[in-house]
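A short write-up of the structure that comes next.
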Amino acid sequence: RRGSALCLREFRVSSSIKSSGQVSYELRGDVAVMTVSNAPVNALSLAIRQDLVARIKQFEEDEAAKVAVIVGEGKVFIAGADIREFKRPATEPHLPDVIDGIEACTKPVIAAIHGVALGGGLEVALGCHFRVGVKGAKVGLPEVHLGIIPGAGGTQRLPRLAGYEKALEMIPSGAPIGADAAKAAGILDDVSDEADAVAAGLAFARSVIDNGTPLRRCSELVAPAVDAQVFADAKAAVAKRARGQKSPVVCVEAIEVASQTSFADGMAKEREMFMELKNSAQHRALAHAFFADRALGKLPEIEGIAPRTLKSIGVIGGGTMGAGIATGALMNGLSVTLIERDDEALGRAKATIAKNVGGAVKKGKLSAEQEQRIFDKALSLSTDYASLSEVDLVVEAVFEDIDVKKQVFEKLDAVCKEGAVLATNTSYLDVNAIAAVTKRPQDVIGLHFFSPAHIMKLLEVVVADKTAPDVIATGFQLGKIMRKIAVRAGVCDGFIGNRILATYRAAADAIVVDGSTPFEVDDVMLEFGFPMGPYAVADLAGLDIGWATRKRKAPTRDPRERYFTFADRMCEQGWFGQKTSKGYYVYEDGARKGTPNPAVLDILTEERKEKQINAQNLSKEQILDRYMAAMVNEAAKVVEEGIALRPLDVDMTLIYGYGFPRWRGGPMQYADEIGLEKILSNIKAYAEEDGYFWQPAKLLEELVASGRSFADLNAESGNNSAAKK
Ligand code: CAA
Ligand code: NAI
């Protein structure tokens with residue numbers, strides 16, 4: 001198989017991270033311009049920190065220089081600390097000291113910001129005596145997304161400069177703000193009309209020299225006092241949203257420290273909090289997710305390959321998925337031709353799209369003019385496949401039935417232009433079999449969207465045996481246009497996500513039949529950080545879907561598989577979940593959050609009696625261990641078979657498609673944290689009860705035997721800069 005994890009070494013790169021970059025110093029008249037150059041985002045590597053110290057000293061000693069301007073080379077000012085260095089022990093000069101040195105300068109230092117000043121980048125700017133931005137610049141402290149807090153004075157200087165409320169808005173959310181908002185908040189002293197940051201900085205420097213503006217050090221400012229209740233309220237609100245992630249709450253605590261102590265003590269406390277989080281599993285997980293996001297589309301098979309033209313698409317079927325896919329495409333500027341079986345179905349599809357688009361307008365995500373354009377120009381509806389003759393790509397989203405899909409693809413083969421990409425949104429069916437009915441299997445691919453398709457982020461790009469590289473590239477391009485997170489997957493039953501889901505759901509069912517309740521399982525997974533437990537999700541999706549699948553698969557079921565009947569019995573009563581107001585939970589008066597359905601427990605008791613199972617009471621930890629072991633084991637098989645190219649592809653699939661908490665980094669990252677040896681020994685222990693279900697993945701055994709981790713596999717792929725050593 002292509003891309004099997006066992007041959008990942010093919011892609012190995014031998015590069016090791018060197019601390020890179022430099023800060024140049026140039027005298028422009030009486031102004032010293034210091035330019036931070038460390039492509040691509042001027043991260044504050046060791047070399048940059050060392051150079052900054054040297055350049056500040058040079059400026060202090062340079063009698064010809066009256067003012068210094070710090071700018072960034074390339075597209076941004078400075079995007080923060082070099083995250084790749086976080087894995088190594090911190091090396092002097094530490095950033096807080098570098099920034100203290102800038103602030104302590106006896107002559108004015110100005111930060112001239114273009115692009116973004118993020119994290120340590122904004123902290124450098126806050127250490128300067130003045131800040132000017134060009135139009136379009138953004139500033140922010142996004143450290144929270146990496147599971148840390150600003151660690152170079154951001155939590156102490158920002159509230160002193162912009163007030164506690166602004167700091168409480170910006171730091172725990174991590175959201176950047178634009179130049180005008182930053183000026184209004186007092187973070188920028190000016191927004192310049194100059195085209196570039198150097199010109200903006202020089203103009204500002206001239207006014208400082210001409211006016212003899214006194215130095216302003218953030219550390220010496222006093223923010224207006226606030227009631228301590230403000231912090232208590234902020235902490236409660238942030239903790240609720242964070243659902244187990246620590247850094248947002250610590251952000252609030254660090255800002256509160258600024259209100260309680262001197263600047264020096266506040267800095268010491270900030271450092272302590274920063275270091276503790278920097279050494280945490282949550283930071284490791286979020287840094288992994290940061291780099292994994294950027295590695296997803298970096299695939300050797302499409303490197304340097306241009307995608308095909310992508311302006312108009314066809315969507316076949318306007319049901320749940322088709323209408324959502326059409327909505328997402330239209331909202332992102334593509335033209336859509338939607339095909340349904342008859343006018344009535346077309347009318348329903350149009351109504352759904354109108355509702356989705358209207359919702360986006362209400363939320364301010366789309367303008368009324370864009371809405372108008374969609375219905376006047378961009379959307380065409382038809383019952384005639386011939387209307388697809390000119391589209392660049394088609395996504396089929398008809399019923400999940402292989403014969404229906406084959407008929408659709410035969411028709412597409414007959415009507416679509418040469419070079420059109422033919423995609424199926426199938427959840428489980430064999431994309432190779434679908435491709436085989438066409439004369440152009442190289443143009444066929446799976447594009448597996450998730451419901452609701454205009455909202456859910458994940459897109460599995462399913463590569464079949466004969467799919468051409470530029471068709472894969474086009475799948476990723478469609479993902480980019482539609483603002484999805486595209487993950488490459490291979491062909492198997494359920495691809496990456498649904499295949500792993502089927503396994504951990506089966507483990508959950510076994511846990512439940514063996515003695516726990518569905519509500520306990522849901523609670524454990526909620527506590528773990530999932531937004532919903534698996535049984536609440538089943539109620540939402542509709543229990544009839546799984547029932548139909550089980551019936552379909554019954555004839556081919558392996559007799560060694562433990563088969564559970566409680567879900568079938570529930571369906572036999574007409575309990576299909578939320579849509580029938582009853583499933584694992586009861587939904588009174590159309591409520592979206594249910595209360596446990598006690599009758600489910602009776603059904604379970606009956607099943608245990610029939611199967612002579614002595615109910616065992618698993619602890620929360622035991623439930624979690626089993627659930628996660630099933631997930632990790634199947635995920636390892638998915639990587640071993642090359643269905644996912646790297647462990648990081650699995651992690652991002654579970655995060656973006658299945659609610660796995662990002663701050664745990666996905667199942668593979670979680671497994672690395674727990675230790676693969678422990679996971680494997682758990683699996684072997686469970687196998688003594690059910691050897692058919694709990695067959696350890698070979699990859700897991702191989703990694704344990706060789707003392708390697710999933711992170712090592714990611715590193716061996718050469719595409720995850722965080723994992724590079
Ligand atoms: N450190 C190291 N590498 C970084 C980086 C950083 N802070 N920020 C970005 N990069 C790398 C990316 O990994 C990527 O590398 P590859 O090309 O090898 O994949 C490259 O720079 C370009 O990044 P993007 O693909 O994200 O480029 P973009 O143009 O879409 O976005 C950006 C640019 C807005 C700056 C975005 O990269 C970003 O948000 N970066 C992170 C900013 C951040 O979190 N800063 C806080 C750092 S922690 C800190 O500063 C702690 C402190 O208080 C001292
Ligand atoms: P659906 O039943 O809501 O919609 C299917 C639509 O296809 C119907 O409107 C039907 O009239 C139309 N249709 C059927 N045959 C057709 C034909 N020959 N030509 C034109 N239109 C035709 O089904 P849903 O849920 O939208 O699923 C569609 C596909 O998406 C399936 O393959 C499913 O497995 C997959 N999928 C579904 C997800 C979900 O959560 N519902 C998630 C991801 C994928």
Side-chain angles (χ1 to χ4, degrees), residues 17 38-45 49 74-86 90 94-96 98-99 115-124 138 140-155 174 176 270 274 278 283 286-287 290-291 293-298 315-325 338-342 344-346 348-349 352 382-383 385 395-402 404-405 407-408 411 424-429 446-453 456 458 460 497-498 540-542 545 549 657 719-722 724:
I17 299 175
N38 186 13
V41 296
N42 299 329
L44 295 157
S45 62
R49 299 197 303 277
K75 61 179 186 174
V76 303
F77 175 67
I78 298 169
D82 188 333
I83 306 165
R84 292 164 308 170
E85 283 185 3
F86 283 5
H94 302 305
L95 190 57
V98 176
I99 293 173
V116 294
L118 295 177
L122 178 56
E123 289 172 305
V124 165
K138 285 186 176 166
L141 293 170
E143 286 87 343
V144 68
H145 299 310
L146 295 167
I148 51 178
I149 61 168
T155 66
E270 180 197 79
F274 172 80
K278 187 174 155 253
H283 163 64
L286 286 163
F290 176 87
F291 288 109
D293 272 343
R294 286 155 180 81
L296 287 175
K298 289 183 188 152
V315 175
I316 322 270
T320 309
M321 291 309 290
I325 295 165
L338 188 138
I339 305 285
E340 257 292 354
R341 292 181 295 175
D342 51 44
E344 205 184 317
L346 275 180
R348 275 196 305 272
T352 313
S382 174
T383 52
Y385 277 64
V395 187
E396 163 280 309
V398 304
F399 303 132
E400 185 76 342
D401 176 316
I402 190 77
V404 179
K405 304 245 187 222
Q407 281 166 19
V408 168
K411 285 192 210 162
T424 172
N425 181 48
T426 179
S427 308
Y428 291 95
L429 300 173
L447 290 177
H448 184 218
F449 290 85
F450 288 69
S451 177
M456 286 290 286
L458 184 64
E460 281 180 307
N498 280 348
L540 182 67
I545 296 178
T549 310
N719 282 321
N720 185 7
S721 27
K724 283 181 198 168

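Every number for a ligand or one of its atoms is a count from 1 in the order of the listing. When a residue number appears, it is its place in the shown sequence, counting from 1. Because only heavy atoms are used, hydrogens play no part in the values below, and waters and symmetry mates are left out as well, while side chains stay in.
Numbered from 1 in the order shown, with element, the atoms of ligand 1 that lie under 4.0 Å from a heavy atom of P142 read 43 (C), 44 (O), 45 (N). The distance from ligand 1 to the heavy atoms of D82 drops below 4.0 Å at these ligand atoms: 1 (N), 2 (C). Shown in contact with G119 at under 4.0 Å from a heavy atom are these atoms of ligand 1, numbered in order with element: 46 (C), 50 (O). Near F290, meaning under 4.0 Å from one of its heavy atoms, ligand 1 places the atoms 8 (N), 9 (C), 13 (O), 40 (N), 41 (C). The P150 neighbourhood of ligand 1 comprises atoms 53 (O), with distances under 4.0 Å to a heavy atom of that residue. Close approach of ligand 1 to G80 (heavy-atom distance below 4.0 Å) involves ligand atoms 50 (O).
In terms of polar-atom proximity, defined here as any N/O pair under 3.5 Å, G151 does make such a contact with ligand 1. Some N or O of I83 is nearer than 3.5 Å to an N or O of ligand 1, by distance alone. Considering both main-chain and side-chain atoms, A79 comes within under 3.5 Å of ligand 1 through a nitrogen or oxygen pair. The shortest N or O to N or O distance between G120 and ligand 1 is below 3.5 Å. Between A81 and ligand 1, at least one pair of N/O atoms sits closer than 3.5 Å. Between R84 and ligand 1, no N or O atom pair is found at a separation short of 3.5 Å.
Every residue two or more places apart in sequence or in another chain that forms a side chain to side chain donor-acceptor pair (under 3.5 Å) with E460 is listed here: H448. Contacts of E396 classified as salt bridge (charged side-chain N to carboxylate O under 4.0 Å, His left out), with partners at least two apart in sequence or in another chain: K405. Residues satisfying the side chain to side chain donor-acceptor pair (under 3.5 Å) test with T383, not counting sequence neighbours, are none.
Aromatic ring pairs are classed by plane angle as parallel below 30°, tilted from 30° to 60° and perpendicular above 60°; the pair H283 and F86 is tilted.
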Output block, N or O contacts of ligand 2, threshold 3.5 Å exclusive:
from     : atom 1 : to   : atom 2 : distance (Å)
ligand 2 : 3 (O)  : T320 : N      : 3.0
ligand 2 : 3 (O)  : T320 : OG1    : 3.1
ligand 2 : 9 (O)  : E340 : OE2    : 2.5
ligand 2 : 11 (O) : E340 : OE1    : 2.8
ligand 2 : 11 (O) : E340 : OE2    : 3.3
ligand 2 : 11 (O) : R341 : NE     : 3.1
ligand 2 : 11 (O) : R341 : NH2    : 3.1
ligand 2 : 19 (N) : Y385 : OH     : 2.9
ligand 2 : 26 (O) : T320 : N      : 3.3
ligand 2 : 26 (O) : M321 : N      : 2.7
ligand 2 : 30 (O) : N425 : ND2    : 3.0
ligand 2 : 32 (O) : V398 : O      : 3.4
ligand 2 : 32 (O) : E400 : OE1    : 2.5
ligand 2 : 32 (O) : K405 : NZ     : 2.5
ligand 2 : 34 (O) : E400 : OE1    : 2.8
ligand 2 : 34 (O) : S427 : OG     : 2.7
ligand 2 : 36 (N) : S427 : OG     : 3.2

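Proximity of E123 to ligand 1, defined as any heavy-atom pair under 4.0 Å, is confined to the side chain (atoms from C-beta onward).
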